[in-house]
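Scroll down for the structure; my scribbles are underneath it.
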2 protein chains.
Amino acid sequence: MEQAQLTEARPYHHGDLRRALVDAGRRLLEVEGGAGISLRAVAREAGVSPAAPYHHFRDKSELLDALAFEGWDQLAEQMRAALAEAAPGRDRLVTLGVAYVRFSRMNPAIYRVMFNCSQSHESMPEKLRDEGAYRLVCDTLVESGIDPRDEVGLELAAVAIWCAAHGVAEMVGFKEFGPLQARLGGEEAFLRAIFSQLDLFRPRSAVAAG
Amino acid sequence: MEQAQLTEARPYHHGDLRRALVDAGRRLLEVEGGAGISLRAVAREAGVSPAAPYHHFRDKSELLDALAFEGWDQLAEQMRAALAEAAPGRDRLVTLGVAYVRFSRMNPAIYRVMFNCSQSHESMPEKLRDEGAYRLVCDTLVESGIDPRDEVGLELAAVAIWCAAHGVAEMVGFKEFGPLQARLGGEEAFLRAIFSQLDLFRPRSAVAAG
DNA sequence: AAGCCAATCTTGACAACGATCAGATCAGCC
DNA sequence: GGCTGATCTGATCGTTGTCAAGATTGGCTT
């Protein structure tokens with residue numbers, strides 16, 4: 001009844017409270033969902049007073065940023081893994097998209113925090129561009145035949161793909177899609193089908209229905 | 001019949017408070033942005049006590065639902081208009097997508113409310129399917145050559161397009177895209193380019209860079 | 001016309017939240 | 001051994017969503 005979980009008797013000075021807060025936040029996001037996340041709840045979960053976090057984060061939003069940061073890491077890792085065990089064939093981009101969406105489906109609350117964070121900063125997380133998932137997409141694009149020296153073309157392609165994946169990630173949960181999903185043989189099949197449909201915008205007249 | 005808003009000797013019974021609350025909410029969303037929306041603020045803006053809304057909405061979320069409802073209407077209307085003045089050519093789907101994104105760009109707070117509402121209900125708004133924007137997309141798809149009797153194909157296509165548009169809508173604001181956008185000649189050109197890139201998922205081996 | 005009902009709005013309250021501040025506590029360095 | 005600065009607590013402020021109890025009134029019944 002004293003405190004929550006991690007450490008022993010709290011010696012007033014927590015060893016690494018920042019770390020503990022982020023972990024607590026992640027735990028709460030997984031268990032309670034995005035609604036039950038408050039600075040006070042995180043502090044409670046970490047076993048400290050409601051004011052303690054302010055010595056490690058200026059804001060509530062800065063705490064969420066820290067959560068998002070780890071989320072982006074985790075996402076990139078999972079996408080990398082998916083790519084690693086995928087056949088070297090041609091639809092590796094789809095594999096990436098599916099991995100992206102799957103992450104968002106398995107960690108919906110964290111994913112939402114990640115994206116809200118990006119939106120409030122009006123920018124993609126920096127790390128992403130350097131060694132994260134964005135880089136992965138670019139590499140796979142080049143692999144697929146895009147000329148790496150065509151900067152505009154490459155960026156355009158990466159951005160388009162990212163947008164599509166994000167859109168799918170946020171809408172796949174709609175229950176209206178249940179029947180269609182079942183008819184296609186599960187979520188992965190559904191996702192692959194969706195991604196494969198995305199050439200419809202091409203102004204190339206008629207399109208073939210799957 | 002009498003008017004609604006501010007600075008009157010309110011006759012205790014407000015005439016049509018529900019309507020006034022929704023209008024107040026929309027005003028606040030436009031002016032203050034999504035952050036400054038609270039049940040109390042809406043009540044304040046409408047000139048009533050903080051508890052008054054509870055006679056017209058069970059929840060705060062139900063008030064937001066009402067706002068979202070009108071938003072979907074407005075969106076459908078704008079998409080319809082865009083389609084009406086577009087050339088009967090082949091890229092009408094792109095026109096629809098651009099209109100969608102433009103709406104979200106010009107009413108970001110409302111758009112966010114609309115989508116949060118959908119997400120919390122885990123379903124698209126019903127109205128949408130019947131006479132709203134979704135219907136519009138389906139019609140345009142059929143127009144573009146999809147067999148209307150292939151239900152699965154049609155739904156898949158519509159869903160894919162919607163996902164893509166939503167993704168673009170939520171990411172276009174990133175400031176990293178500024179340079180690219182400028183280089184392409186403004187936001188509309190940027191959007192058209194993005195949408196035209198969305199065939200990249202097609203497992204058709206190499207792709208042509210724009 | 002009188003009277004009452006139920007819908008409407010207000011008042012007042014509650015718990016929870018983000019945020020701030022003065023002060024208690026403790027680690028590490030002189 | 002004592003000082004300094006980082007860390008944590010407790011108390012507090014303003015705000016939020018929500019509810020219960022009371023005031024007010026339009027409209028139906030007689």
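These numbers were taken from a predicted model, which means no experiment stands behind them. Chain identifiers are assigned alphabetically (A, B, ...) following the order of the sequence lines, protein sequences preceding nucleic acid strands; residue numbering begins at 1 within each chain.
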Is it true that B:Asp23 and B:Arg19 have a side-chain N and a carboxylate O under 4.0 angstrom from each other?
yes

Mind calculating the distance between CZ (B:Arg18) and C1' (C:dC9) to the nearest angstrom?
17 Å

Does the B:Arg129 side chain pair with the main chain of B:Tyr134, one donor and one acceptor, at a distance under 3.5 Å?
no

Would you call the rings of B:Phe177 and B:Phe190 parallel, tilted or perpendicular, where under 30° means parallel and over 60° means perpendicular?
tilted

For A:Asn107, side-chain hydrogen bond (donor to acceptor under 3.5 Å, both in side chains) partners two or more places apart
none

Expected list for residues 55-66 of chain A near DNA chain D, using heavy atoms below 4.0 Å, is A:His55, A:His56

What integer distance in Å separates B:Arg44:CZ from D:dT15:P?
8 Å

Pick base, sugar-phosphate or nothing for A:Ser38, based on heavy-atom distances below 4.0 Å to the nucleic acid.
sugar-phosphate

Where the side chain of B:Glu176 meets the backbone of A:Met124, is there a donor-acceptor pair that is under 3.5 Å apart?
yes

Name all residues meeting the side chain to side chain contact (heavy atoms under 4.5 Å, CB included) criterion together with A:Glu30; count only those two or more places apart in sequence or in a different chain, and write none if there are none.
A:Arg26, A:Ile110

Within this structure, what is the OH-to-C1' distance between B:Tyr54 and D:dT18, rounded to whole angstrom?
4 Å

Length of the CG-P vector between B:Leu17 and C:dC9, whole Å
5 Å

Give the rounded distance in Å between these two atoms: CD of B:Glu32 and P of D:dT15.
14 Å

The answer to which of A:Pro50 and A:Arg40 contacts DNA chain D further toward the 5' end, by nearest nucleotide, is A:Pro50

